Amino acid sequence: MSANEAIRSHPSPLGPATGGRFYAEDKQCPSIVFMWCQYPYYPALAKCQDWEAILQVKCPDVPRLMREGFHWDVSNVIKEEGFMEWTTKTRSKSPLGAASKRSYFLTDTHESPRWKARLIVYSWDLNFLYDFDVRQLSRSLISSTRAFNQEGRQIYGYKAHTAPGKLCYCAESPMSGFNIIYDKMPLEGLWPWPTKENEAHTKDDVAQGAIEKADSGSLALGSSQNQVQSNDILKNTEEDGDSEEFCWV
């Protein structure tokens with residue numbers, strides 16, 4: 001089943017280009033939140049981000065996605081639902097959460113969809129947003145992930161880095177994670193922790209690749225001039241009514 005076929009099976013028939021109405025009509029808060037950035041492992045580089053992305057997943061059964069894995073690709077994107085939002089803020093005076101943003105909407109392609117999601121990509125570079133390829137959002141670039149039960153209590157957490165300023169740019173920062181439901185059971189798909197040993201990504205390779213791209217001036221994974229603050233991004237999404245306050249505990 002394609003994403004468009006899945007959306008047509010939604011109880012409320014939707015017309016073309018509704019701006020993610022099917023997602024907004026689902027009043028549950030996001031139960032899984034993935035965040036990506038260019039430099040997820042080297043905390044000093046947190047002040048040097050040109051883009052950041054957040055995936056807000058609404059799923060009534062998070063443990064099922066832990067057991068079965070959370071898998072997605074471009075086939076889950078409902079192209080007609082996406083849109084752009086431009087900012088009047090200036091880069092020199094504002095955090096990245098105030099930058100222009102591009103929204104995508106996704107749905108599970110199973111016959112009985114298990115989840116729906118909104119993906120928001122932030123950047124000051126409009127051409128970067130116009131040309132953005134969601135396939136760039138690999139597990140190795142995830143900076144944090146949080147999951148919640150139906151009562152809004154946190155049941156899963158992952159951080160790829162410590163707080164900015166704690167370590168120098170060349171030092172590895174310890175990643176940390178917990179799973180209240182399944183402890184250290186390896187999770188498949190996009191879940192960043194824990195993973196099977198043969199699937200584990202290498203922090204040094206990712207960070208070094210980002211630094212090399214920064215030297216070449218590429219925005220895709222590496223060049224950077226601006227500070228990004230995850231809390232500002234979450235605050236922006238709260239104003240859209242699609243998120244809640246998330247805490248690392």
Side-chain angles (χ1 to χ4, degrees), residues 30 32-57 70 72 87 89 91 94-104 117-129 131-147 157-177 190-193 195 201-237 243 246-248:
I32 312 173
V33 179
F34 296 92
M35 298 190 72
W36 291 264
C37 66
Q38 292 159 291
Y39 309 116
Y41 299 108
Y42 282 59
L45 297 182
K47 298 180 179 180
C48 304
Q49 309 284 357
D50 273 307
W51 66 269
E52 189 162 49
I54 178 171
L55 181 69
Q56 301 167 320
V57 182
F70 181 69
W72 73 285
T87 185
K89 303 287 186 179
R91 178 170 186 164
S94 304
L96 188 52
S100 295
K101 57 187 178 182
R102 179 175 178 175
S103 290
Y104 302 80
R118 179 184 181 184
L119 170 65
I120 310 172
V121 183
Y122 297 81
S123 179
W124 295 104
D125 188 299
L126 292 179
N127 288 327
F128 175 78
L129 292 175
D131 297 333
F132 189 77
D133 186 342
V134 297
R135 289 173 293 186
Q136 295 181 84
L137 300 177
S138 65
R139 188 171 62 186
S140 62
L141 290 177
I142 292 176
S143 58
S144 68
T145 302
R146 297 169 178 83
Y158 164 83
K159 291 177 71 174
H161 58 80
T162 55
K166 297 294 184 181
L167 299 172
C168 68
Y169 79 93
C170 60
E172 282 189 4
S173 59
M175 67 174 67
S176 58
L190 194 60
W191 294 103
W193 182 94
T195 59
H201 48 267
T202 303
K203 294 184 289 183
D204 284 334
D205 291 345
V206 173
Q208 183 59 36
I211 293 171
E212 289 173 355
K213 288 181 179 293
D215 292 339
S216 67
S218 170
L219 272 176
L221 293 176
S223 72
S224 51
Q225 296 294 328
N226 188 66
Q227 179 176 2
V228 56
Q229 298 177 358
S230 297
N231 289 339
D232 291 320
I233 288 185
L234 287 172
K235 182 178 179 181
N236 266 15
T237 58
S243 186
F246 299 104
C247 298
W248 178 267

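Just so you know, these numbers come straight off a predicted model, no measurement behind them.
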[X] [atom1] to [Y] [atom2] distance, which is reported to the nearest 0.5 Å:
{"X": "M35", "Y": "Y158", "atom1": "CE", "atom2": "OH", "result": "13.5 Å"}
{"X": "I54", "Y": "C37", "atom1": "CD1", "atom2": "SG", "result": "12.0 Å"}
{"X": "Q136", "Y": "L141", "atom1": "CD", "atom2": "CG", "result": "8.5 Å"}
{"X": "L190", "Y": "T145", "atom1": "CG", "atom2": "OG1", "result": "6.5 Å"}
{"X": "L137", "Y": "F132", "atom1": "CG", "atom2": "CZ", "result": "4.0 Å"}
{"X": "W72", "Y": "L119", "atom1": "CH2", "atom2": "CG", "result": "5.5 Å"}

Answer yes or no: is there a donor N or O on one side and an acceptor on the other, between the side chain of [X] and the main chain of [Y], under 3.5 Å?
{"X": "S100", "Y": "T87", "result": "yes"}
{"X": "S143", "Y": "A160", "result": "no"}
{"X": "W36", "Y": "S138", "result": "yes"}

So which atom in S123 and which in D125 form the shortest heavy-atom distance, rounded to 0.1 Å?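 For S123 versus D125, the nearest heavy atoms are OG-N, 3.1 Å.
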Taking the six-membered ring for Trp, are F70 and F34 parallel (under 30°), tilted (30 to 60°) or perpendicular (over 60°)?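 Parallel.
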Evaluate side chain to side chain contact (heavy atoms under 4.5 Å, CB included) for W191 paired with I32, printing each intermediate quantity in order. CA-CA 10 Å; W191 294 103; I32 312 173; 3.8 Å; yes
Within the 4.5 Å heavy-atom criterion, are Y104 and L55 side-chain neighbours or not?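 They are not in contact (no side-chain heavy atoms under 4.5 Å apart), so the answer is no.
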